[in-house]
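Everything numeric here is computed off the predicted structure, so don't read it as measured data. Each chain gets a letter, A, B and so on, in the order its sequence line appears, and its residues count up from 1. Every heavy atom of this structure was used, including side-chain atoms; hydrogens, water molecules and symmetry mates were not.
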Amino acid sequence: MGRGSGVTVIVEGSSRTVPAGTTAAEVLNAGKDVLAARVDGRLVDLSAPVPEGAVVEAVTFLSPEGREVYRHSASHLMAQSVKRLFPRAKVSIGPAIEDGYYYDFDIEPPLTEEDLPRIEAEMARIIGEDLPVRREELSRDEAVRLFADQSETYKVEIVQELPAGQAISVYRQGEFVDLCRGPHVPSTGRIGAVKLLSLAGAYWRGDERNKMLQRVYGTSFPTREEVDAYLARLEEIKKRDHRRLGRDLDLFSIPEETGAGLVLWHPKGARVRQIIEDHWREEHRKGGYEVVYTPHMARLDLWKTSGHLDFYKENMFSPMEVEGTAYEIKPMNCPFHIMIYKSRMRSYRDLPIRWAELGTVYRYERSGVLHGLMRVRGFTQDDAHIFCRPDQVEGEIRRVLSFTLDMLAVFGFREYEIFLSTRPSEAVGEPGEWHKAEGALRAALDAAGLPYGVDEGGGAFYGPKIDIKIKDSLGRAWQCGTIQFDFNLPRRFDLFFTNDRGEREHPYMVHRALLGSLERFFGVLVEHYGGAFPAWLAPVQVRVLPVTDAQAPYAESVEKALNEREFRVESDLRSEKIGAKVRDGAMQKIPYLLVVGKREAGDGAVSVRARGGVDLGAMPLDAFMSGLEEEVRLRANETRLTARG
RNA sequence: GCCGAUGUAGCUCAACCGGUAGAGCAACUGAUUUGUAAUCAGUCGGUUGGAGGUUCGAGUCCUCUCAUCGGCUCCA
């Protein structure tokens, strides 16, 4: 604190002395673009007085923190606007999120889409009023009274849960006051342009036993142009949506007649899947795995033993009866691999045993969660189970971890999020053992030097896991790879091996999937490449386009030659103009279009047009084929042929 | 499952206050023989997601149901 006359602060690296009580805004000589201040690393309002010795920095929209302050203030603006238009609405919470903000309301009758423009217009009015945003600190009792007087029951509930002694901050702008930690922009006029995007339901406090509130999503930027650019970006992103591309490129469908969440892989989607699977098998062979096959259903008793019936029931379809015995369609592959393990005696010398299977499982997913290929009811996991001795488990986990990342890298994924998921509330086994298992996973992650978050309670019922999430085009992260430590199932099934002292001992298990499920992985892959698969994955690598019907026989001979070299190739023999054929080929995102006219037919050449509209000119067919062969061999992420092959 | 919205030709979308469903693209047929993102003409195509109801009459209004979309919850 200042000693009477003045305080010394450090602003942008240089030290200054100012009168005590000087605000951050004054110290920074803040212009309109400064939204808040960072004092000694902590975000505060511009109106906050700076203490002695403080390091003061300006926070603008250019920083993530600045955007958060800005959007959070915009959410208050929205709440104020809603309260003006719908005085009986109760507010709850309204944080900034990536690219925007939301606010949850309890409001009767519910808002409709038509209300959004009205709310937006009122927000614009409040911006015009340029109301000062003021922080006040209250005791808990005062805060409870304040919000109780306004019948803001949700706010009262939040305040009552805050510690009694602690001062509680509220922010007031005009007639609107909201419980908030802050900081906020100094006045409502600082918000430039706002846009409300959508309405959605959201449970109070995220708990489905609570009342469902109405959530309004919006975004805000300093200028209208930036809002428009953001909306345009959303439109662009939609074009990468795997559901749209799946239809446009004829990759898959999920017809209502088949059933929700049940995927039909069309020939072109199936080709890509097959390439993924072939690569997967080859890598597993090299990585010391054996492939196994198991059935799609098993007796219900098996799922009793495994614990699925106790801990996984809500994700399983109902059992069916066969000759008086109940059978269950499989939600997981592990019990089958366990039964293979049990089929004979195992020595410590046999371990680790690594068994992999592209195992198709069926899980009951609630109707509201289904989403294209990303969330389905029948899917094929690239599953494997490793049975090992306790002393091997950490090494095996590390090995799987690097295997996963290598596999993802081949498909062009170098960015992902890793989470350690710990014991869920419903789980088998002792907490102490869980703790040990979590430690082993943590050690493997640390050894690999990988940053990770912790998902408390996100583990499988039989053990903790490491999850690897990949982001889709909308920035939604999807869990793909997973590595799960399991000391429980071996015990439940009474698995053992004979150790080097001749005693029976339980093995440990590692459940793992590298890609997760082929459906989800393919969905993410489609979006990742926007449907423009690299040549090694593309369902059609080459399309031959004769300029006129006269070159049809030559085109067919080119197609045949390519086919014999095992390229995925087709010809467009329609009597269309070459421009139309090029356009159609481009829209199918085919890596290479070969234009063959009179000239090419004459000298055994092809005119190569690479994806993206790059005309590589004419080259001998052989040169094209060796170039493409190389590109495929390298699993190159981009088309890489150049002029003259 | 929950909240909200939406289902019209294969796709993208029209159809006033309830008055008897239409366009472009695709497909098909024919003409055209084309040199790097759409050649022309014609033809076909619909129990308006499904089932009930209101009405003289329903794509339009009501109820139920299925699916999809955006979220929430849950998950590979």
Presence of salt bridge, [Y] and [X], under 4.0 angstrom:
X	Y	result
Lys330(A)	Glu357(A)	yes
Arg609(A)	Asp615(A)	no
Asp248(A)	Arg244(A)	yes
Glu208(A)	Arg366(A)	yes

Decide whether a cation-pi geometry holds between Lys469(A) and Phe419(A); the criteria are a distance under 6.0 Å from NZ or CZ to the six-membered ring centre and an angle within 45° of the ring axis.
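Yes, Lys469(A) lies over the aromatic ring of Phe419(A).
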
Is the ring centre of [X] less than 6.0 Å from the ring centre of [Y]?
X	Y	result
Tyr529(A)	Phe411(A)	no
Tyr462(A)	Tyr312(A)	no
Tyr103(A)	Tyr101(A)	no
Tyr362(A)	Phe317(A)	no
His511(A)	Phe485(A)	no
Trp204(A)	Tyr154(A)	yes

Its dot-bracket string being built from Watson-Crick and G-U pairs below 3.5 Å, with | for another strand and [ ] for crossing, RNA chain B has the pattern (((((((..((((.....[..)))).(((((.......))))).....(((((..]....))))))))))))....

Classify the side chain of Arg520(A) and the base of rC75(B) as holding, or not holding, a donor-acceptor pair under 3.5 Å.
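It does, because a donor-acceptor pair links the side chain of Arg520(A) to the base of rC75(B) below 3.5 Å.
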
rC74(B) base to Arg363(A) side chain: any donor-acceptor pair below 3.5 Å?
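Donor-acceptor pair under 3.5 Å: no.
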
Integer-rounded Å distance: [N] [atom2] and [X] [atom1]:
X	N	atom1	atom2	value
Asp248(A)	rA26(B)	CG	P	14 Å
Leu116(A)	rG71(B)	CG	C1'	14 Å
His242(A)	rU68(B)	NE2	C1'	13 Å
Gln484(A)	rC75(B)	CD	P	12 Å
Phe419(A)	rC75(B)	CZ	P	14 Å
Tyr103(A)	rC72(B)	OH	C1'	18 Å
Glu257(A)	rG49(B)	CD	P	14 Å
Leu370(A)	rC74(B)	CG	C1'	12 Å

[N] to [M] separation - [atom1] atoms, rounded to the nearest Å:
N	M	atom1	result
rA58(B)	rC16(B)	P	16 Å
rU8(B)	rG46(B)	C1'	8 Å
rG52(B)	rG42(B)	C1'	42 Å
rU55(B)	rG70(B)	C1'	35 Å
rG7(B)	rG50(B)	C1'	11 Å
rG30(B)	rC44(B)	C1'	14 Å
rG49(B)	rU6(B)	C1'	11 Å
rA38(B)	rU43(B)	P	26 Å

Please figure out whether Ala260(A) or Ser517(A) has its closest RNA chain B nucleotide nearer the 5' end.
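On the 5' side of the pair lies Ala260(A).
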
Contact state string [nucleotides 1-7 of chain B, B base, S sugar-phosphate only, - no protein heavy atom under 4.0 Å]:
BBB----

If a protein heavy atom is under 4.0 Å from the base, mark B; if only from the sugar-phosphate, S; if neither, -; do that for nucleotides 31-42 of chain B going 5' to 3'.
-BBBBBBBB---

Under 4.0 Å between any heavy atoms, over every strand shown, what does [X] touch: base, sugar-phosphate, or nothing? Just pick one.
X	value
Lys211(A)	nothing
Tyr217(A)	sugar-phosphate
Val361(A)	nothing

Taking His308(A) for its side chain and Pro331(A) for its backbone only, find out whether a donor-acceptor pair lies under 3.5 Å.
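No; zero donor-acceptor contacts below 3.5 Å.
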
Examine distances only and state if a side-chain atom of Ser92(A) and a backbone atom of Asp104(A) form a donor-acceptor pair shorter than 3.5 Å.
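Between the backbone of Asp104(A) and the side chain of Ser92(A) there is a qualifying donor-acceptor contact (under 3.5 Å).
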
Does a side-chain N or O of His371(A) approach OP1 or OP2 of rG70(B) to a distance below 4.0 Å, or not?
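The answer is yes; a side-chain N or O of His371(A) sits under 4.0 Å from OP1 or OP2.
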
Can you check whether Arg243(A) has a side-chain N or O nearer than 4.0 Å to OP1 or OP2 of rC69(B)?
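Looking at the OP1 and OP2 atoms of rC69(B), one of them is under 4.0 Å from a side-chain N or O of Arg243(A).
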
